[in-house]
Structure formats: C-alpha cells, structure tokens
Amino acid sequence: IGNSEQLIVYPNPANTSLTLTLSKGEGTKAIICIYDMLGKLVMQHTYSPPSEGQGEAINVADLPAGVYILCLQQVAKATIVRKVIIRQTS
C-alpha cells in the first residue's frame, strides 16, 4: 500500500463490537459505512481517531449475524473497503 492509509479491523468475525485502527490517519475524520450483502446501508458512523495507531470501537451488537462490507471514506482520499463478519452469541 506504500504511504497510503491502512485500515485494520478486528476482531473479525466480531460479536458485539469492531475496533478500527487507521495508520497514517492521525486527526483525519472519516465516515464509516457498513452495508449488507444486498448493498443496503445498515450503519453509518463518524470515525475520528484520537491519534495514529489508536483504535476506535464501533458497536455492532444490533446487526444480525452475517457478512458485511465496511467502507471508510475520507475527504479527498480513496475509500478503503473491508469485508467483516458478524456472529451473534447466545
């Protein structure tokens, strides 16, 4: 990826929350969109990392179990896309 931002999403699969860490993204606000496999927007979140390398947790407990597409969109930068799996525990 070179000098561009790298998005780390963990744990994957997730139960109740996902943690997002954006390298080289210090102070960069972004929009996180999570889509189901039909392309429907199921969650939107403003991502504002405290500093480079630190993560921010997103609550996904209300999402049904399944496979989702997570997109991180920053102003004037490329969109970063990751596949995430949500599994619910009993």
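Residues Q73 and C33 are in side-chain contact: their nearest non-hydrogen atoms beyond the backbone lie under 4.5 Å apart. Side-chain contact between T19 and V9 is absent, with no heavy atoms from C-beta onward closer than 4.5 Å. Annotation: side chain of M43 is in contact with side chain of L63 (closest heavy-atom distance under 4.5 Å). Proximity of E56 to Y47: side-chain heavy atoms (C-beta onward) are separated by under 4.5 Å at one or more points. The side-chain heavy atoms of V84 and I69, taken from C-beta on, include no pair separated by under 4.5 Å. With a 4.5 Å cut-off on side-chain heavy atoms, L70 and V81 do not count as touching. Counting heavy atoms from C-beta outward, L72 and T79 have side chains that stay 4.5 Å or more apart. Considering only heavy atoms from C-beta on, I32 stays 4.5 Å or farther from Q44 through its side chain.
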TODO: Check step by step if side chain to side chain contact (heavy atoms under 4.5 Å, CB included) holds for R87 and N15.
DONE: CA-CA 5 Å; R87 64 177 180 198; N15 291 319; 3.2 Å; yes
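What you find for M37 and V67 is that their closest heavy atoms are CG-O, 3.1 Å. Across all their heavy atoms, Y68 and D36 have their closest contact at CD2-CA, 3.7 Å. In plain terms, the two heavy atoms of L18 and P11 that are nearest each other are CD2-O, 3.2 Å.
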